[in-house]
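Shown next, in structure tokens, is the structure this report addresses.
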Number of protein chains: 2
Amino acid sequence: MNSPLPHTGKADGTVGKALEVLDSVAAFERPVKFTELLEQSTYPKATLYRLLQTLVNQNLLSHDPETGNYSMGLRLIRLAHAAWENASLAPIARPFVEELAAGAGESVHLAQLDNGQVIFVDKLKATDRFETLAQVGKVAPAYCTGVGKAMLAYIAPKRLDIVLQQQSFFPYTQATHRSAESLLGELPTIRESGIAFDREEHEEGIVSIAAPIFISNGRVIGALSVATSTMRYDLDRLTVFRDELLSTADKIGRQASSWHFPG
Amino acid sequence: MNSPLPHTGKADGTVGKALEVLDSVAAFERPVKFTELLEQSTYPKATLYRLLQTLVNQNLLSHDPETGNYSMGLRLIRLAHAAWENASLAPIARPFVEELAAGAGESVHLAQLDNGQVIFVDKLKATDRFETLAQVGKVAPAYCTGVGKAMLAYIAPKRLDIVLQQQSFFPYTQATHRSAESLLGELPTIRESGIAFDREEHEEGIVSIAAPIFISNGRVIGALSVATSTMRYDLDRLTVFRDELLSTADKIGRQASSWHFPG
DNA sequence: GAATTCAGTTCCAAATACTGGAACCGACAC
DNA sequence: GTGTCGGTTCCAGTATTTGGAACTGAATTC
């Protein structure tokens, strides 16, 4: 479906290896056979086999004996529910996000940074009745999304260095930043205005206006954006959302602080 | 928040142990300190410490150095997205579920069986605009929910034995089955009608009518229910949903079969 | 302000689990 | 019947994990 996945660094211990395999199953985005995994893997047959077996035992993968296919396991969904409920910004932010979405009449995205990637923890679209949750958990690159850049503009310099390493700078569109330098050039502007734009950098025809969310000690913990299509709003007109967006981001930050949000 | 969690059997290898720890963090449903985990754990201090460290490295947990709290990691959400997208029934069933929800004007739940527990992979409520996804990933006992019993009625006898072991038979309400025998007594009735009822067995005031979903080889892969409150429908009147429910379950099953759904 | 706790972290030799080459198995094809 | 190709199992060598005990540093008591 899409391009180069920046891959996690060190695989410490067996657990790391198992997760690496789990990721590689996830990357296929469909049920996958042993052999397919094998040729894609650095591990020898026997090792991979045992790793898969462990994952299946643990219900992190499921294995259909009839077809020999491996697919993702339901235990992940259970675990993620716990993560979403009490470690993501989403439940705290929910009411504010709803309000913003209703007012704006466009999609609102709530994102956090995970390992140099943007991960969407909530998405709401005022119009569609049902659309939503197919999207939660989706990831996107940080360097070419509004929410991503909004967060990068404010993270600690040493963390920024690490995160920059993890960016692929794959040129999704004409407007995509192609290098760390190019991206770094934009960050001061973002800091000045407190707002980041996605100028069709990730997907042709999609633009967004994003704001960072801060916790009381000054750290960024997430970002919020209003995204829309160039069919309905051009870039300049996106600023109509600016004030609402900033005030919502602020409210979420306050709420998170009073909840002792981890970060 | 609720009662006894039936706990996974064997912890094979390091991966199993790590996941056990991960589960125990999840069970707290809030950020948790090292010590709290320690007293709850069977592992010695040093071991638990290293296990936690590994999980944090792997982004399955996050650790706030200021407060010393551990909480669930965002990587789980990313992984779960993959699981939800291509290993759960939800994306396949979505359109049918929407239709049913719209027609019924009540909540529709789509569930699968994981390790003897019911896990909700989708929930829709026709009325609320936003409610939904806080619920996806939630688990419930199989022995006292409509969807759970609908599935139990059709799984292979040897698998049923295992699953029965995993039930706690905790008496949530007056109507809850208190033993395997009691539960087994109901299953033939379910098989005759192709429909299972939740008669306020899990929660006072909540009732549901549920139907199993079969794949072409005859195996149950999930269940679908319409749930409502006794304020609006009493048990008998729930049967108004029967035909729609059965036909939707059937459509989902067909669709899943043609997609070579794992199971 | 020295003495005592206590949470959290590090050490290290012993115990254990993981590794991967090679051999094996069963199904299908030729 | 023989060959090939997924997939699974064996087993000795090796790398990881283990956990008692000792350490650190911050907070609490005396």
Side-chain angles (χ1 to χ4, degrees), chain A residues 8-28 30-73 87 217 260 262-263, chain B residues 8-28 30-73 87 217 260 262-263:
Chain A
T8 321
K10 287 275 56 126
D12 53 345
T14 323
V15 177
K17 289 171 200 166
L19 285 169
E20 210 174 277
V21 173
L22 187 58
D23 269 341
S24 84
V25 175
F28 274 91
R30 61 178 173 78
V32 62
K33 293 224 173 44
F34 179 83
T35 318
E36 304 182 81
L37 288 168
L38 182 59
E39 60 197 24
Q40 207 258 202
S41 160
T42 59
Y43 302 109
K45 199 154 57 152
T47 304
L48 179 63
Y49 179 73
R50 255 174 298 99
L51 248 20
L52 284 167
Q53 218 172 230
T54 308
L55 290 167
V56 170
N57 275 339
Q58 296 300 330
N59 254 298
L60 296 183
L61 286 180
S62 76
H63 178 239
D64 179 349
E66 295 189 18
T67 66
N69 281 331
Y70 291 90
S71 35
M72 305 300 285
N217 64 12
H260 291 97
Chain B
T8 321
K10 287 276 57 136
D12 54 343
T14 322
V15 177
K17 289 170 200 166
L19 286 169
E20 210 174 278
V21 172
L22 187 59
D23 268 340
S24 83
V25 175
F28 274 91
R30 61 176 172 78
V32 61
K33 293 223 172 45
F34 180 81
T35 318
E36 304 182 82
L37 288 168
L38 182 58
E39 59 196 23
Q40 209 258 203
S41 161
T42 59
Y43 301 109
K45 203 156 50 154
T47 303
L48 179 63
Y49 179 73
R50 256 174 297 98
L51 248 20
L52 284 168
Q53 220 172 230
T54 308
L55 290 167
V56 170
N57 275 339
Q58 296 299 330
N59 255 300
L60 297 183
L61 286 181
S62 75
H63 178 240
D64 179 349
E66 295 189 18
T67 65
N69 281 332
Y70 291 90
S71 36
M72 305 301 284
N217 64 11
H260 290 98

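The basis for the numbers below is simple: all heavy atoms, side chains too, and nothing from hydrogens, waters or symmetry mates. Protein chains get the first letters and strands the later ones, always in sequence-line order, with residue 1 at the start of each.
- Remark: DNA chain D takes part in the stems C:1-30 with D:1-30, each of 3 or more antiparallel Watson-Crick or G-U pairs, criterion distances under 3.5 Å.
- With contacts defined as side-chain heavy-atom distances shorter than 4.5 Å, the pair B/N69/B/H63 does not qualify.
- Here the shortest heavy-atom pairing between B/L55 and B/A18 reads CD1-O, 3.6 Å.
- Between A/N217 and B/E66 there is a side-chain heavy-atom pair separated by less than 4.5 Å.
- When the side-chain hydrogen bond (donor to acceptor under 3.5 Å, both in side chains) test is applied to B/Q40, no partner is found at least two apart in sequence or on another chain.
- Scanning DNA chain C 5' to 3' for nucleotides with an atom closer than 4.0 angstrom to a non-hydrogen atom of chain B gives a first and last hit of C/dA7 to C/dC18.
- Using a 4.5 Å heavy-atom threshold, the side chains of A/L38 and A/Y49 count as separate.
- In this structure the side chain of A/V21 never reaches within 4.5 angstrom of the side chain of A/S41, judged on heavy atoms.
- At least one side-chain heavy atom of A/L19 sits under 4.5 Å from a side-chain heavy atom of B/L60.
- Contact between B/V25 and B/L61 at its shortest, heavy atoms only, is CG1-CD2, 3.8 Å.
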Checklist outcome for this item: Scoring nucleotides 7-17 of chain D by protein non-hydrogen atoms under 4.0 Å (B base, S sugar-phosphate only, - none) yields BBB-------S

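- Judged as a salt bridge (charged side-chain N to carboxylate O under 4.0 Å, His left out), the pairs with a partner in residues 34-52 of chain B (not counting sequence neighbours) are, in order, B/R30-B/E36.
- Atom CD in A/Q58 sits 11.0 Å away from atom CG in B/L22 (nearest 0.5 Å).
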